[in-house]
Amino acid sequence: MSDQIRITLPDGSVREYPNGVTSLEIAMSISEGLARNVLAAKVNGTVQDATRPITTDSAVTLLTWNDTEGKATFWHSSAHLLAEALEELYPGIQFGIGPPIEKGFYYDVDLNGQHFSQEDFKKVEDKMLELARQKQEFVRQPISKAEAIAYFEKKGDPYKLDLLDRLDDGTITFYSQGNFTDLCRGPHIPHTGFIKAAKIMNVAGAYWRGDEKNKMLTRVYAVTFPKQKELDDYLFLLEEAKKRDHRKLGKELELFAFSEKVGAGLPLWLPKGTMLRERLENFLRKAQVRAGYQQVVTPHIGSKQLYVTSGHWEKYGEDSFKPILTPEPGEEFLLKPMNCPHHCEIYKTKPRSYRDLPLRLAEFGTVYRYEQSGELHGLTRVRGFTQDDAHIFCRPDQVKEEFIKVIDLVLYVFKSLGFEDYSAQISLRDPANKQKYIGSDELWEKAESAIIEASAERGLRTVTELGEAAFYGPKLDFMVRDALGRKWQLGTIQVDYNLPNRFELEYTGSDNQKYRPVMIHRAPFGSMERFIAILIENSGGNFPLWLSPDQIAVLPISEKYEDYANEVFLTLQENDIRGYNDLRDEKIGRKIRDSEINKVPFMLILGEKEQAEGRVSVRKKGVGDLGSMTIAEFIGFFQNEIKPAAQPAVL
RNA sequence: GCCGUUGUAGCUCAGGGGUAGAGCACUUCCUUGGUAAGGAAGAGGUCAGGGGUUCAAAUCCCCUCAACGGCUCCA
């Protein structure tokens, strides 16, 4: 073992240090300021404590608050601090897991019946900061499995024992700070003094190990920062994000509503929301015509037998809306939970030739699913919703090409609506849980490789998730985030070899033999409801001009100009410009304010001058006065403003 | 479905064992005003629904429903 080791820093420079040097000491040798900010270090690709000795030539990256891994370490250590504070305040509680998350961390605790709620947050925050000020060091201690078990048996923590059960002897470490010791792989920040601001965000129930058969623990969510100001900024941003919540804006802008009387999860689309929704549908219809789709319509209910055939009844029948009975004994119908079985039956209305394929059937199909009551969430999770659904029936040799075309369509839709922040997820079946799915291994492998190859061919950056497939086939899902960072699936493309089997779909090949087509299920928006929810949150209700429910507001200065206002408004309507004519007995300042609040893109202000000259005074929302124009000029100006999105580039 | 929180006027919210409150919105009247709130008056609530405790319940307790934050689920 040599006395000196060579440390390679991220800039490529190599320095020599005594064997056993710590990352913190390396930082110190560079600058004291850096050393004060080092939270952890990445040594040869592995994040570890900055205080651990390094004993071989290594590549070292010092991690601070500015690094994702630095933050994660900071929050992981904060979880231990939270646990320490909770244990001091609520002796005898037991601990589950306490990991960092995207924004902060949580700790799952079993309070054993003790009460913990919002009023107690401050107390815990203060305790955390009090302990943090003691600059308690995080001490790493490798320990044998037997000793570890003995420790938690003595302490009486069944959850830690459950965790230990799955760990191998020789890999187990404890971390201690102050009076708190936890089973933990680490790494941690050097000491608690880095934590200068703490905020408990909320508490929620969470099943132990995420299994609903297990006991529900109390999950305490919190976030910490190295500076108070960063916490203040974060809380401010959070408040700003809440203003974009589609449930709030949907009410304020009169887009949609819910009624207890109608039922939970059953949205009522108000006139303005319907306007928006129809614009989106027309936009997609046009794109689909260009892409060779044909529109179909199918009923809202179907014979139960249809879903027995498809497999949906067996898979979801238990927790769906119950079958609809008729005067005829034994006759049962289901509220349509999916459009695909109907479309399969459309396929079967006549013999199909290989020349007919691909056959692309599209429908804005409204479906009903009995979502769990606790899952309902604004427009993003509802019980009655409309899918921009389509099913492509194609030959096996056409699957990849068709799949790629659909990827292009989805990307085109996202791009047209300014959705840039999405992730593409390849959702495969869980190989350890095959009984959840229908169909043979062979067909699944074919379908999965089709998706993987098509995504690769389009250069899509994807993440792969096992166990996220549909029961009949794998999917490529396009995920986006809402205002508060929650992930939702919008667009989806699915390859399916199974339903064609179940419905015994066939086509005649060039050799006059019968073959089985492949189905691609796809929905670029996913559902109109969820897509519009995200659109509202992304835009904050400031929709692109072509989607705005009200594009203009005509605002006469006083009653005297009512006739002129009517004339202008009519001319605009004749030119397909929609909006309203504000003839209320209010001052102009008031009318402007109300239009601004309603997020109307353009206001046309009319008074004596405008009437005399046959002009309109144009005001742009959020910007102000644009000066006066003739009506014809405004129409030209408007059409130019709307152009980029109204006439999207041909696919 | 599970854990927790919440439910008062159309909206945002205050109140809280003893006759239900504010601002905005709404209606009427006055005002005819030039780029983000003109003035006055009026109307509007079985305090989510049901049950219980009490001389008395919007207020305390229980149940149901709904919403919110998570968990689980998501064709």
Side-chain angles (χ1 to χ4, degrees), chain A residues 106 108 111 115-119 201-221 242 245 247-248 251-252 254 257-265 307 310-317 319-320 336-341 367 369-378 380-381 383 387 389 427 437-438 468-473 475 477 484 486 488-489 492 494 496 499 521 523 530 555-562 585-597 603-610 617-627:
Chain A
Y106 65 78
D108 283 347
L111 291 163
H115 188 72
F116 180 68
S117 67
Q118 201 127 19
E119 305 90 71
M201 300 305 289
N202 53 53
V203 288
Y207 301 109
W208 171 237
R209 290 190 170 281
D211 187 335
E212 59 185 325
K213 288 191 275 296
N214 288 340
K215 181 167 184 185
M216 184 164 269
L217 307 181
T218 302
R219 178 166 296 177
V220 182
Y221 285 91
K242 280 184 188 160
D245 190 315
R247 293 166 296 192
K248 180 177 157 69
K251 192 182 279 181
E252 286 171 4
E254 297 180 9
F258 289 91
S259 150
E260 282 194 31
K261 228 169 202 163
V262 171
Y307 301 99
S310 70
H312 289 100
W313 173 252
E314 193 195 342
K315 184 80 185 161
Y316 297 104
D319 28 49
S320 292
K336 163 163 91 174
M338 283 292 280
N339 303 301
C340 32
V367 297
R369 299 175 184 175
Y370 192 80
E371 303 290 356
Q372 295 182 41
S373 57
E375 266 313 326
L376 300 175
H377 184 99
T380 51
R381 196 77 183 270
R383 287 177 173 161
Q387 296 178 315
D389 211 357
S427 301
Y437 310 91
I438 59 171
E468 294 292 312
F471 75 92
Y472 49 75
K475 312 189 282 176
D477 293 325
L484 290 175
R486 291 175 286 226
W488 297 94
Q489 176 201 310
T492 180
Q494 312 171 0
D496 180 6
L499 288 189
H521 308 238
R530 183 177 289 177
L555 310 179
I557 298 279
S558 88
E559 208 177 294
K560 288 189 217 156
Y561 315 107
E562 195 174 315
D585 179 15
E586 292 290 351
K587 288 196 184 179
I588 193 64
R590 177 50 178 276
K591 293 183 181 181
I592 288 170
R593 177 182 156 82
D594 288 346
S595 291
E596 289 276 353
I597 288 170
M603 287 156 260
L604 303 182
I605 293 153
L606 315 176
E608 188 175 358
K609 202 166 58 159
E610 288 77 9
S617 183
V618 181
R619 182 188 163 99
K620 186 169 182 174
K621 171 192 61 176
V623 175
D625 196 355
L626 299 185

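In the text below, chain A, chain B and the rest are named by the order of the sequence lines, each starting its count at 1. Reckoned from all heavy atoms, side chains included, excluding hydrogens, waters and symmetry mates.
- Across all strands shown, A:E562 has no heavy atoms under 4.0 Å from either base or sugar-phosphate atoms.
- Note: CD (A:E212) to P (B:G1) measures 12 Å, nearest angstrom.
- Relative to the side chain of A:R369, the nucleotides B:U32, B:C74, B:A67 differ in distance, and B:C74 lies closest.
- With distances taken from any side-chain atom of A:R486 to the nucleotides B:G70, B:G34, B:A75, the minimum falls on B:G70.
- Nearest nucleotide to the A:H115 side chain, out of B:C71, B:U5, B:G33: B:U5.
- In terms of position on RNA chain B, the residue among A:Q489 and A:Y207 whose nearest nucleotide sits closer to the 5' end is A:Y207.
- Contact annotation: A:H377 reaches the phosphate of B:G69 (side-chain N/O to OP1 or OP2, under 4.0 Å).
- Remark: A:E314 engages no residue in a side chain to side chain donor-acceptor pair (under 3.5 Å) (not counting sequence neighbours).
- Contact annotation: side chain of A:Q118 to base of B:U5, donor-acceptor pair absent below 3.5 Å.
- At the heavy-atom level, A:E252 lies nowhere under 4.0 Å from the strands shown.
- Taking only side-chain nitrogens and oxygens, A:R530 never comes nearer than 4.0 Å to OP1 or OP2 of B:C74.
- Applying the 3.5 Å distance criterion, the base of B:G33 shares a donor-acceptor pair with the side chain of A:D585.
- In this structure, of B:A36, B:G4, B:G1, it is B:G4 that holds the atom nearest to the side chain of A:V203.
- Distance noted for atom C1' between B:C2 and B:C61: 23 Å (whole Å).
- Look at A:K251 and you'll find a side-chain N or O under 4.0 angstrom from OP1 or OP2 of B:U12.
- Rounded to a whole angstrom, the distance from the P atom of B:A58 to that of B:G51 is 12 Å.
- A donor and an acceptor atom never sit less than 3.5 Å apart when one is taken from the side chain of A:E254 and the other from the base of B:G10.
- The same atom, C1', is picked in B:U54 and in B:G17; the two are 9 Å apart, to the nearest Å.
- B:A57 and B:C47 have their P atoms separated by 12 Å, with the value rounded to a whole Å.
- Checking the phosphate oxygens (OP1, OP2) of B:C68, a side-chain nitrogen or oxygen of A:R247 falls inside 4.0 Å.
- Between B:C26 and B:C11, the two P atoms lie 14 Å apart (nearest whole Å).
- If you check every strand for non-hydrogen atoms under 4.0 Å, A:G589 touches sugar and phosphate atoms only.
- An OP1 or OP2 oxygen of B:G1 is reached within less than 4.0 angstrom by a side-chain nitrogen or oxygen of A:S373.
- Comparing B:G33, B:C73, B:A37 against the side chain of A:Q372 picks out B:C73 as the nearest.
- Look at the P atom in both B:G39 and B:C24: the space between them is 9 Å, to the nearest Å.
- Dashed line: the shortest gap from a side-chain N or O of A:R381 to OP1 or OP2 of B:A67 is not under 4.0 Å.
- Distance from the side chain of A:Y316 is smallest for B:C74 among the nucleotides B:C74, B:G69, B:G1.
- Mapping A:K315 and A:F258 onto RNA chain B by nearest heavy atom places A:F258 closer to the 5' end of the strand.
- Look at the P atom in both B:G1 and B:C63: the space between them is 16 Å, to the nearest Å.
- Counting only heavy atoms from C-beta on, A:E260 has its side chain closest to B:A66 among B:G33, B:G38, B:A66.
- For B:G45 and B:A36, the C1' atoms lie 32 Å apart once the distance is rounded to whole Å.
- The side chain of A:F471 lies closest to B:A75 when the candidates are B:G34, B:A75, B:A36.
- Only one option out of A:K621, A:R619, A:K620, A:K591 pairs with A:E596 in a salt bridge (charged side-chain N to carboxylate O under 4.0 Å, His left out); it is A:R619.
- Checked against B:A67, B:G70, B:U32, the side chain of A:L376 finds its nearest nucleotide in B:A67.
- Residue A:P556 comes nearest to A:I588 through the heavy atom pair O-CD1, 4.1 Å, listed as atom of the first residue, atom of the second, then distance.
- Secondary structure note: stems in RNA chain B built from 3 or more consecutive Watson-Crick or G-U wobble pairs under 3.5 Å occupy B:1-7 with B:65-71, B:10-13 with B:21-24, B:26-30 with B:38-42, B:48-52 with B:60-64.
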